[in-house]
Peer 1: 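One structure follows; several queries about it will come next.
All residue numbers refer to positions in the sequence shown, counting from 1. Side-chain atoms are counted along with the backbone in the values below, which use heavy atoms only and exclude waters and symmetry mates. Being a predicted model, the structure only gives us computed values, none of them experimental.
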Amino acid sequence: MTVPLRLVAATLLLIAASSLAAGQEAYPARPVHLFVPFAPGGAVDIVARTLGDELSSRWGRAVVIENRPGAGGVVASEAAAKAPPDGYTLIIVATGHALNPHLYAKLPYDSFKDFTPITLIGTSPNMLLVRADSELKTLADLIAAARARPGQLSYGHAGNGTSSHLAGELLKYMAKIDITPIPYKGGAPALTDLIGGHIPMTFNNIPESIAQIRAGTVRPLGVTTAIRSPVLPDVPTIAEAGLPGFDTGVWWGLLGPAGLAPDIKAKLAKDCSEAVNTPTVKARLLALGATPIGSPPDEFAALIRSDYEKWGPIIKAAGIRGE
């Protein structure tokens with residue numbers, strides 16, 4: 001029996017339509033991997049997990065957090081840059097992403113061309129911390145001790161070129177003191193060594209240190225931004241404590257690989273902005289001392305470029321290099 005030509009054509013059209021529909025499944029159709037360039041427990045990790053939980057709930061798909069610390073974020077950024085631009089591999093970066101081109105003679109990616117900016121998640125001050133039992137009770141005490149013992153005091157930070165490192169260098173420059181930077185693979189390991197008595201001070205983000213502050217194991221001498229943090233209103237700014245004009249902080253944002261489809265980029269920007277500003281996530285971030293934002297992609301791209309241009313001359317003058 002001969003199959004009618006119209007039936008064959010209809011069957012072929014049905015098969016083609018089914019294949020097309022399968023190829024256009026609503027994003028995300030499977031788990032999304034979110035790279036974190038620093039060790040677990042640090043500020044970037046906390047922000048990533050807070051955002052990831054909300055997105056998982058919205059999408060009905062898992063957001064898998066992958067910590068890939070090393071080289072001030074370069075290890076994770078290289079992996080993200082080389083991932084397929086399909087929206088299933090993303091990365092949360094901090095301020096250091098904009099600065100790495102100044103820190104490394106050669107990066108395995110282009111910080112601008114190889115990524116798609118999606119949204120600025122939020123911002124936070126850093127804090128100058130000492131152990132609760134430290135003899136350094138104030139910023140003035142610290143400066144006096146550093147001047148009495150040039151080069152003998154050290155401070156821990158999250159890695160060369162990170163916002164916490166630059167905060168320390170700004171302190172050295174403005175106070176005219178010599179303290180030795182000790183790089184770690186993230187803020188959490190630096191905080192652990194501070195608590196253990198291996199280093200006398202650190203610069204850490206509020207989200208990764210606030211639990212220890214509340215537990216009474218560490219004591220903040222000042223926040224690095226021009227205004228006090230609403231979550232710790234009794235802690236003075238470093239500017240108030242004796243260095244007028246001291247002002248620096250940290251931001252976190254979401255990137256995808258270059259070539260991300262416009263519709264996926266738009267969905268991610270919208271969903272992340274809404275997620276960051278839900279009552280639950282907003283309250284969580286504010287409680288940690290972070291200010292939720294959820295910006296459009298173009299504003300985040302402009303911020304990356306602005307910080308790249310702002311800090312380049314300072315990094316060069318200080319002779320800071322990546323490790």
Peer 1: Is there a path of hydrophobic side-chain contacts, each under 4.5 Å between heavy atoms of I, L, V, M, F, W or Y residues, that connects Leu171 with Ile206?
Peer 2: no
Peer 1: Using 0.5 Å steps for rounding, measure from the CG atom of Leu285 to the CD1 atom of Ile293.
Peer 2: 10.5 Å
Peer 1: Does the side chain of Glu54 come within less than 4.5 Å of Thr278's, by heavy atoms?
Peer 2: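 In contact.
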Peer 1: Any Lys/Arg nitrogen of Lys267 or Asp271 sitting under 4.0 Å from an Asp/Glu carboxylate oxygen of the other?
Peer 2: yes
Peer 1: Quick check against the 3.5 Å criterion: does Tyr88 have a side-chain atom that pairs as donor or acceptor with the backbone of Pro31?
Peer 2: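 Not a single qualifying donor-acceptor pair exists.
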Peer 1: Please determine whether a side-chain nitrogen of the Lys or Arg among Arg58 and Asp53 lies less than 4.0 Å from a carboxylate oxygen of the Asp or Glu.
Peer 2: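 A salt bridge is absent here (no side-chain N lies under 4.0 Å from a carboxylate O).
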Peer 1: Taking Arg61 for its side chain and Pro28 for its backbone only, find out whether a donor-acceptor pair lies under 3.5 Å.
Peer 2: yes
Peer 1: When rounded to the nearest 0.5 angstrom, what distance separates CG in Leu268 from CD1 in Ile118?
Peer 2: 4.5 Å
Peer 1: Taking Val63's backbone N and O only, do any of them form a donor-acceptor pair with Ser56's side chain (distance below 3.5 Å, no angle check)?
Peer 2: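 Indeed, once roles are kept as given, a pair shorter than 3.5 Å links the two residues.
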Peer 1: Does some side-chain heavy atom of Phe115 sit less than 4.5 Å from a side-chain heavy atom of Pro257?
Peer 2: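 A side-chain contact under 4.5 Å is absent here.
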Peer 1: Leu128 versus Leu142: any side-chain heavy-atom pair under 4.5 Å?
Peer 2: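 Yes, their side chains come closer than 4.5 Å.
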Peer 1: Please find out if less than 6.0 Å separates the ring center of His33 from that of Phe35.
Peer 2: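 So the answer is no for these two rings.
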Peer 1: Can you tell me if Ile227 has over 12 outside heavy atoms packed within less than 6.0 Å of its CD1?
Peer 2: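 Incorrect, the count does not exceed 12.
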Peer 1: State whether the side chain of Ser134 and the backbone N or O of Val130 hold a donor-acceptor pair below 3.5 Å, judged by distance alone.
Peer 2: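 No, because the side chain of Ser134 does not come within donor-acceptor range (under 3.5 Å) of the backbone of Val130.
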Peer 1: Looking at every non-hydrogen atom in both residues, tell me the closest pair between Trp251 and Ala98 and how far apart they are.
Peer 2: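 Closest approach of Trp251 to Ala98, heavy atoms only: CZ2-CB, 4.2 Å.
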Peer 1: Using modelled atom types only, decide if a donor and an acceptor are shared between the side chain of Thr202 and the backbone of Gly156 within a distance under 3.5 Å.
Peer 2: no
Peer 1: Does Lys172, at its NZ atom, have more than 12 non-hydrogen atoms belonging to other residues, nucleotides or ligands within less than 6.0 Å?
Peer 2: yes
Peer 1: Would Val281 and Leu51 count as a side chain to side chain contact (heavy atoms under 4.5 Å, CB included) if you check the C-alpha gap in whole Å, the side-chain angles of each, and the deciding distance to 0.1 Å?
Peer 2: CA-CA 7 Å; Val281 175; Leu51 178 63; 5.6 Å; no
Peer 1: Does a sphere of radius 6.0 Å around CD in Glu309 hold more than 12 heavy atoms from other residues, nucleotides or ligands, not counting ones at 6.0 Å or beyond?
Peer 2: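 Enclosed.
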Peer 1: Considering non-hydrogen atoms only, spot the tightest contact between Leu191 and Ser209 and give its length.
Peer 2: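 Taking every non-hydrogen atom into account, CD2-CA, 3.9 Å.
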Peer 1: Are the side chain of Glu208 and the backbone N or O of Gly42 linked by a donor-acceptor pair below 3.5 Å?
Peer 2: no
Peer 1: Please assess Leu129 against Leu194 for the test side chain to side chain contact (heavy atoms under 4.5 Å, CB included), listing each intermediate value before the final yes or no.
Peer 2: CA-CA 8 Å; Leu129 302 172; Leu194 174 66; 3.9 Å; yes
Peer 1: Under 4.5 Å between any side-chain heavy atoms of Leu153 and Tyr155, yes or no?
Peer 2: no
Peer 1: Decide yes or no for Leu99 and Leu166: does some side-chain heavy atom of the first lie under 4.5 Å from some side-chain heavy atom of the second?
Peer 2: yes
Peer 1: Tell me, with the steps shown, if Leu103 and Ile315 meet side chain to side chain contact (heavy atoms under 4.5 Å, CB included).
Peer 2: CA-CA 8 Å; Leu103 298 169; Ile315 290 170; 3.6 Å; yes
Peer 1: Looking only at side-chain N and O atoms, does Ser164 offer a donor or acceptor that is under 3.5 Å from a partner on Thr162?
Peer 2: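 On atom types as modelled, these side chains qualify, holding a pair under 3.5 Å.
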Peer 1: So, Thr224 side chain and Thr248 main chain: donor-acceptor pair closer than 3.5 Å or not?
Peer 2: yes
Peer 1: If you draw the axis of the six-membered ring of Phe112, does the NZ or CZ of Arg305 fall within 45° of it and under 6.0 Å from the ring centre?
Peer 2: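 Cation-pi check for Arg305 and Phe112: passes.
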Peer 1: Side chains of Arg228 and Glu240: does their closest heavy-atom pair fall under 4.5 Å?
Peer 2: yes
Peer 1: Run the side chain to side chain contact (heavy atoms under 4.5 Å, CB included) check on Val44 and Ile46 step by step: do they pass?
Peer 2: CA-CA 5 Å; Val44 184; Ile46 294 169; over 6 Å; no
Peer 1: Please round to the nearest 0.5 Å and tell me the distance separating atom CG of Leu120 and atom SG of Cys272.
Peer 2: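 Those atoms lie 11.5 Å apart.
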Peer 1: Is it true that a side-chain atom of Asn204 and a backbone atom of Met127 form a donor plus acceptor pair closer than 3.5 Å?
Peer 2: no
Peer 1: Which heavy atom in Thr95 sits nearest to a heavy atom in Gly249, and how many Å separate them?
Peer 2: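 Closest approach of Thr95 to Gly249: OG1-O, 4.2 Å.
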Peer 1: Less than 4.5 Å apart, side chain to side chain, heavy atoms only: is that true for Pro207 and Ser124?
Peer 2: yes
Peer 1: In terms of the angle between their ring planes, are His102 and Tyr308 parallel, tilted or perpendicular, with boundaries placed at 30° and 60°?
Peer 2: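 His102 vs Tyr308 ring planes: parallel.
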Peer 1: In Å, rounded to the nearest 0.5 Å, how long is the span from CD1 of Ile238 to CE of Met174?
Peer 2: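 Going from CD1 on Ile238 over to CE on Met174, the span is 9.5 Å.
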Peer 1: About how many Å separate CG of Asn277 and NZ of Lys282, when rounded to the nearest 0.5 Å?
Peer 2: 5.5 Å
Peer 1: Output yes when Asp45 and Arg49 qualify as a salt bridge under the 4.0 Å nitrogen-oxygen rule, no when they do not.
Peer 2: yes
Peer 1: Ignoring hydrogens and geometry, is there a side-chain-to-backbone donor-acceptor pair from Arg131 to Ile195 under 3.5 Å?
Peer 2: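 Pair found, side chain donor or acceptor close to backbone of Ile195.
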Peer 1: Taking all atoms of both residues into account, what is the closest heavy-atom pair of Ser154 and Pro200, and its distance?
Peer 2: O-CG, 3.1 Å
Peer 1: Go through the side-chain N and O atoms of Asn126 and Ser163 and say whether any donor and acceptor fall under 3.5 Å apart.
Peer 2: yes
Peer 1: Among the clusters formed by ILVMFWY side chains lying less than 4.5 Å apart, do Val276 and Leu286 turn up in the same one?
Peer 2: no
Peer 1: Is Val235 reachable from Val218 through a run of hydrophobic residues whose side-chain heavy atoms are each under 4.5 Å from the next?
Peer 2: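 Yes, same cluster.
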Peer 1: Any side-chain heavy atom of Pro37 within less than 4.5 Å of one from Ile91?
Peer 2: yes
Peer 1: Can Val250 be reached from Val231 by stepping across I, L, V, M, F, W or Y side chains whose heavy atoms are under 4.5 Å apart?
Peer 2: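 No: no chain of side-chain contacts under 4.5 Å links Val231 to Val250.
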Peer 1: Whether the side chain of Thr119 engages the backbone of Ile121 through a donor-acceptor N/O pair (distance < 3.5 Å, no angle test) should be reported.
Peer 2: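 A pair under 3.5 Å: no.
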Peer 1: Do you know which two heavy atoms are closest between Ser77 and Val93, and how far apart they sit?
Peer 2: OG-CG1, 4.4 Å
Peer 1: Check Tyr104 against Ala71 and note the closest heavy-atom contact, atom names and distance.
Peer 2: OH-O, 2.8 Å
Peer 1: At what distance, to the nearest 0.5 angstrom, does CZ of Phe300 lie from CG of Leu303?
Peer 2: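 Separation between the atoms: 6.5 Å.
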Peer 1: Report yes or no: do Leu90 and Trp252 belong to one cluster of Ile/Leu/Val/Met/Phe/Trp/Tyr joined by side chain heavy-atom distances under 4.5 Å?
Peer 2: yes
Peer 1: Under 30°, 30 to 60°, or over 60°: which ring-plane class applies to Tyr109 and His97, parallel, tilted or perpendicular?
Peer 2: parallel
